[in-house]
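All values derive from a computational prediction rather than experimental measurement. One-based numbering, in listed order, for ligands and for the atoms of each.
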Amino acid sequence: MNYVSTRGQAPVLGFEDVLLTGLASDGGLYVPETWPVLKQSEIRALRGRPYADVAHAVLSPLVGDAFAPAELKSMIDEAYATFSHQAVVPLKQLSEDLWLLELFHGPTLAFKDVAMQLLARMMDAALTRRGQRATVIGATSGDTGGAAIEAFRGRKAVDIFILHPHGRVSEVQRRQMTTVPEANVHNIAVEGTFDDCQNMVKAMFGDTAFRRNMALAGVNSINWARIMAQAVYYFTSALALGGPDRPVRYVVPSGNFGDIFAGYVAKQMGLPVEQLVIATNVNDILARTVHTGRYEITGVVETSSPSMDIQISSNFERLLFEVHGRNADSVQRLMSSLKQSGAFTVESDELVRLQQECGAGTADEAQVGAAIKATFGATGELLDPHSAVGVHVAGQTAHESHVPTVCLATAHAAKFPEAVKSLSGIDVPLPERVVALYEKTERLDVLPNDLAAVQAHIAGNTSVEAGAAA
Ligand SMILES: *Cc1c(COP(=O)(O)O)cnc(C)c1O
């Protein structure tokens, strides 16, 4: 399978190079050259199969010949053996037409584990095969970093540096990152916002010499392999609800647009998806864009769902590419407008297409608290604030058609116990894994919001030798 950049100026790459590259050299994002389509009979045959088997069937055409089928299968088996639930991602019924897809049974209790556990294994295998090492860098608003560190800890071919906004991630999220003792793990707390961290990571990838000397590899949600791995649970949940013979509607708590774009991928691959609904907190750039066509950056507001507290939604570019008929020039124009003026406008024909793909809704803090309380009262299910944004939006945008709606539960409530308590008054029982975090020693380096300082720190601490990959 070949991959092309959304901006049309980067080389066409195979899966293995896309996996190791992350961001394309023209600043764009890689997408498959064509969408592989599974026959309805092939999808139907996956009903009742274990998660790993469905993953193998869905991912094989996207991976192509980068890994032998048996090697891919054993990486998938190992990745999902780290999950504490037999079903990997169990589906729970909340009401007649509403279901909750629990994506938080992995090692760091958020859905990021689903993709990261597989990505780390694939990267390590590809690098080892090439006799290379890489420096993985990533920015996190909380959950990505922990999931990446957990997935890459102790892996032979990789040093990992994770930037997080100092003081702006929850205590559990911070401890999940900073209490990992392996020497290949490095935490950088930047005195800035998540967007500052993300911009620095983008700038480091844009610095050709640094990128080559450090053999940089990216694991943020722009990495295609992550999106791909997330497409799998759209299949397993739809199959459980009668798919592909019955369409399903999905509500997805969204920030960087990776998780919901995976639903779009599943749909392109043949899964009947009725609608994809973007759920945002008050940082609602995506919802505003879907409703008005105007993508406009405003200030970031801190909320109880920090993984969605962003204004630059990187993966949205992939959907823009699609709704513009895969015209890279149009994407280029929008992105340069964004760079120059902090905004762009989706024209009317493309906006209609965008609205055909996606609905959108927003929840404020009071609505998040009400959703947590109401869901707990009615079902005993304790939502985290991100998942509660989704459940609120599901109610707000409910269909009369009785199409089953699946809300993606993106984190375990125990990851945000203080927020859940203050929003709803409910005490969150802490699992053993979380309690143990409070007894471990933390390791992190606080750095100024300054690119040169961060680059010097990485160069001084990676075990990749400068120029080694040149
Ligand atoms: C990352 C994250 C999100 C947002 O997902 P995107 O793929 O960035 O849209 C939502 N909820 C939680 C808990 C997350 O960690």
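Between Phe416 and ligand 1, not a single N/O pair is under 3.5 Å apart. At under 3.5 Å, not a single nitrogen or oxygen of Asp384, backbone or side chain, sits near a nitrogen or oxygen of ligand 1. Polar contact check, Phe257 against ligand 1: a nitrogen or oxygen pair lies under 3.5 Å apart.
At least one heavy atom of Phe111 sits closer than 4.0 Å to an atom of ligand 1. The shell of residues lying under 4.0 angstrom from ligand 1, judged by heavy atoms, excludes Ser221.
Between Glu322 and Arg353 there is no salt bridge, since no side-chain N of the basic residue sits under 4.0 Å from a carboxylate O of the acidic one.
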Give the C-alpha distance, both sets of side-chain angles, the deciding distance and a yes or no for ring pair (Phe, Tyr, Trp, His ring centres under 6.0 Å) between His105 and Phe83.
CA-CA 5 Å; His105 294 281; Phe83 279 60; 8.0 Å; no
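Only the side chain of Lys112 comes within contact range of ligand 1, with a heavy atom under 4.0 Å; no backbone atom does.
Using cut-offs of 30° and 60° on the angle between ring planes, the pair Tyr233 and Phe111 is perpendicular. Using cut-offs of 30° and 60° for the angle between ring planes, the Phe416 and His386 rings count as tilted.
No donor-acceptor pair closer than 3.5 Å links the side chain of Arg226 to the backbone N or O of Val114.
Atoms of ligand 1 lying under 4.0 Å from any heavy atom of Gly258, numbered from 1 in the order shown and given with element: 6 (P), 7 (O), 9 (O).
Residues Asp445 and Phe161 fail the side-chain proximity criterion, which asks for heavy atoms closer than 4.5 Å.
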